[in-house]
Amino acid sequence: MFSIYILTHNEEIDIAACIESAMLSDEIIVVDSMSSDRTVEIARQYPVQVVQHPFESHGKQRTWMLQEIPTQHEWVYILEADERMTPELFQECLNAIANPDEIIGYYVAERVMFMNQWIRYSTQYPRYQLRLFRKDKVWFTDYGHTEREVCDGPTGFLKETYPHYTSSKGLSRWLDKHNRYSSDEAKETLRQLQKGEISWKNLFFGRSEVEKRRALKDLSLRLPFRPLLRFIYMYFMLGGILDGRGGFAWCTLQAFYEYLILLKVWELQNIPTPQLDPQPASNVTTSNPS
């Protein structure tokens, strides 16, 4: 068996369905980033452990979770609240951890669900995330608005996938979230342009989809007309046109997101951060009563 972590912040819409999909496991731990809605209240209606911890960043939250929250099992699986575990994926996870080889973690591909459909082509499917791993062999660092894993050992890939309901809380919430994400991505873009480099080896001869995709992102940061190129790449080259109305909407939103990042990069480079004026010294004096 393996333990399942569920990461939450104001997820009252999704948390019940997420927990119910995960109840194939005998240990579920909800790690909540101090939600202000009914997320914790709803979660506590189920036989799960609920732990709250202030959010600093995605990487730090995950690393804290792995280091500070004990689990019954050495293998763990990470779920976001808008994702679901499936019986088929759960069984494959059980089979994987029963394998006596030296693999310490497994990547799982997501199926992006948007506008009530699977966005099959324009999401670079299969796009993998590290989800199942030995908790003593993995930690996370921050990268842009998200995180990247650091693995102490070899990793593998599972065949089954998980559904990811990216706009389950409405388009306004999606836009708010990506407005925040774009600020972090703008900072990471500047850092990569100044200190990073392109791994041409991984781009053309990467051992996995993960290595190739990350090298492609590093290259894309240096290309002109990024929003337009991203739309063309996703809609025509990846085949987003085959995703119908949902695919066109998805590709348009991703191009807009890319443009928002570029605008914030320009802002960081050209508009100085406002500095607060020092407080003037007070002219009021006090004296001790005699």
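Remember, predicted model here, so these are calculated numbers, not experimental data.
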Practice prompt. Tell me whether L175 is reachable from V112 by hopping between hydrophobic residues (I, L, V, M, F, W, Y) whose side-chain heavy atoms are closer than 4.5 Å.
Written response: yes

Item to complete: Could you label the plane-to-plane angle of the H145 and Y181 rings as parallel, tilted or perpendicular, counting under 30° as parallel and over 60° as perpendicular?
Response: parallel

Worksheet item: What are the two closest non-hydrogen atoms of T8 and A81, and how far apart are they?
Response: CG2-CB, 4.1 Å

Worksheet item: Would you say the ring centroid of Y106 lies under 6.0 angstrom from that of Y128?
Response: no

Fill in: Flag if over 12 foreign heavy atoms under 6.0 Å of OH, Y259
no

Item to complete: Please lay out, stage by stage, how D142 and H58 fare under the test side chain to side chain donor-acceptor pair (under 3.5 Å).
Response: CA-CA 7 Å; D142 293 318; H58 291 280; over 6 Å; no

Worksheet item: Is the closest side-chain heavy-atom distance between I78 and F133 below 4.5 Å?
Response: yes

Discussion item. Could you check whether any side-chain N or O of E149 sits under 3.5 Å from a backbone N or O of V138, counting only pairs where one atom can act as donor and the other as acceptor?
Written reply: no

Discussion item. I'd like to know if the side chain of K264 and the backbone of N179 have a donor-acceptor N/O pair within less than 3.5 Å.
Written reply: yes

Worksheet item: Can you check side chain to side chain contact (heavy atoms under 4.5 Å, CB included) on R62 and L7, steps first, answer last?
Response: CA-CA 9 Å; R62 284 163 171 74; L7 292 160; 3.4 Å; yes

Fill in: Check: R131 and C93 side chains under 4.5 Å, non-hydrogen atoms
no

Worksheet item: Nearest heavy-atom pair of S21 and C18: which atoms, and what distance?
Response: OG-O, 2.7 Å

Worksheet item: Above 12 or not: heavy atoms from other molecules or residues under 6.0 Å from CD of E68?
Response: yes

Fill in: Over all atoms of both residues, closest heavy-atom pair of I42 and Y46
O-CD1, 3.4 Å

Response to the item:
On a heavy-atom basis, the closest approach of A255 and F231 is CB-CB, 4.0 Å

Practice prompt. Give the intermediate values and the outcome of side chain to side chain donor-acceptor pair (under 3.5 Å) for residues E160 and T86.
Written response: CA-CA 9 Å; E160 292 294 336; T86 68; 5.2 Å; no

Worksheet item: Could you state the interatomic distance from CZ (R230) to CE (M237), rounded to the nearest 0.5 Å?
Response: 14.0 Å

Worksheet item: Are L219 and F204 grouped together when hydrophobic residues (ILVMFWY) are joined by side-chain heavy atoms under 4.5 angstrom apart?
Response: yes

Fill in: 4.5 Å side-chain heavy-atom contact, E41 and I15
no

Worksheet item: Should I6 and M23 be regarded as members of a common hydrophobic cluster, given that ILVMFWY residues are connected when their side-chain heavy atoms come within less than 4.5 Å of each other, either directly or indirectly?
Response: yes

Discussion item. Please check this pair: side chain of T63 against backbone of K60, looking for a donor-acceptor N/O pair closer than 3.5 Å.
Written reply: no

Practice prompt. Hey, could you give me the CG/OG1 distance between L66 and T71, rounded to the nearest 0.5 Å?
Written response: 8.5 Å

Item to complete: Could you check if a side-chain atom of T123 sits within less than 4.5 angstrom of a side-chain atom of E110, using non-hydrogen atoms only?
Response: no

Fill in: Heavy-atom pair of closest approach, residues L260 and S182
CD2-OG, 3.5 Å

Worksheet item: What about V150 and F140, same hydrophobic cluster or not, with Ile/Leu/Val/Met/Phe/Trp/Tyr joined at side-chain heavy-atom distances under 4.5 Å?
Response: no

Worksheet item: Are there more than 12 heavy atoms of other residues, nucleotides or ligands under 6.0 Å from atom NZ of K187?
Response: no

Practice prompt. For K169, look at atom NZ and say whether over 12 heavy atoms of other residues, nucleotides or ligands are found less than 6.0 Å away.
Written response: yes

Worksheet item: Would L89 and Y77 count as a side chain to side chain contact (heavy atoms under 4.5 Å, CB included) if you check the C-alpha gap in whole Å, the side-chain angles of each, and the deciding distance to 0.1 Å?
Response: CA-CA 11 Å; L89 175 57; Y77 188 101; 3.4 Å; yes

Worksheet item: Would V76 and M65 count as a side chain to side chain contact (heavy atoms under 4.5 Å, CB included) if you check the C-alpha gap in whole Å, the side-chain angles of each, and the deciding distance to 0.1 Å?
Response: CA-CA 11 Å; V76 297; M65 170 184 76; over 6 Å; no

Response to the item:
In this structure, CG of D218 is separated from CD of Q192 (nearest 0.5 Å) by 5.0 Å

Response to the item:
OG1 of T39 to CE of M34, rounded to nearest 0.5 Å, is 12.0 Å

Fill in: Residues, nucleotides or ligands: over 12 heavy atoms within 6.0 Å of N99 CG
yes

Practice prompt. Please answer whether the main-chain N or O of Y235 pairs with a side-chain N or O of S122 as donor and acceptor at a distance below 3.5 Å.
Written response: no

Fill in: Separation between CD1 of I198 and OG of S220, rounded to the nearest 0.5 Å
9.0 Å

Fill in: Short side-chain to backbone donor-acceptor contact, E27 and Q72, under 3.5 Å
yes

Worksheet item: Should R44 and V40 count as side-chain neighbours, where that means a heavy-atom distance under 4.5 Å?
Response: yes

Worksheet item: Is the side chain of N10 donor-acceptor paired with the backbone N or O of S36 at a distance under 3.5 Å, no angle test?
Response: yes

Discussion item. So, applying side-chain contact (heavy atoms from CB on, under 4.5 Å) with Y165, which one of E80, E83, M113, R111 is it?
Written reply: M113

Discussion item. If you take the centroid of each ring, where Trp contributes its six-membered ring, are W174 and F114 closer together than 6.0 Å?
Written reply: no

Worksheet item: Any idea which heavy atoms bring W118 and D243 closest together, and the distance?
Response: O-OD1, 4.1 Å

Worksheet item: Is Q45 atom CD crowded by more than 12 heavy atoms from other residues, nucleotides or ligands, each under 6.0 Å away?
Response: yes

Discussion item. Side chains of F256 and T252, heavy atoms from C-beta outward: is any pair under 4.5 Å?
Written reply: no

Item to complete: List the steps, then state whether side chain to side chain contact (heavy atoms under 4.5 Å, CB included) holds for V51 with V30.
Response: CA-CA 6 Å; V51 180; V30 175; over 6 Å; no

Discussion item. Taking R191 first and then E188, would you say they form a salt bridge - that is, a charged N and a carboxylate O separated by under 4.0 Å?
Written reply: yes

Worksheet item: Taking the side chain as C-beta and beyond, is there a heavy-atom pair between I4 and F2 under 4.5 Å?
Response: yes

Worksheet item: Does atom CE of M1 have more than 12 heavy-atom neighbours, drawn from other residues, nucleotides or ligands, at distances under 6.0 Å?
Response: yes

Worksheet entry | salt bridge (charged side-chain N to carboxylate O under 4.0 Å, His left out) evaluation trace for R84 with D14 | CA-CA 10 Å; R84 304 290 181 266; D14 282 315; 3.2 Å; yes

Item to complete: Look at the aromatic rings of Y107 and F157 and report parallel, tilted or perpendicular, splitting at 30° and 60°.
Response: parallel

Worksheet item: Hey, any chance I28 and V108 share a hydrophobic cluster, counting ILVMFWY side chains that come within less than 4.5 Å of each other, even indirectly?
Response: yes

Item to complete: Look up atom CZ in R148 and atom CD in Q129, then write down how far apart they are to the nearest 0.5 Å.
Response: 10.5 Å

Item to complete: Report yes if some heavy atom in the side chain of D82 is under 4.5 Å from a heavy atom in the side chain of H164; otherwise report no.
Response: yes

Worksheet entry | F55, CZ atom: more than 12 neighbouring heavy atoms under 6.0 Å | yes

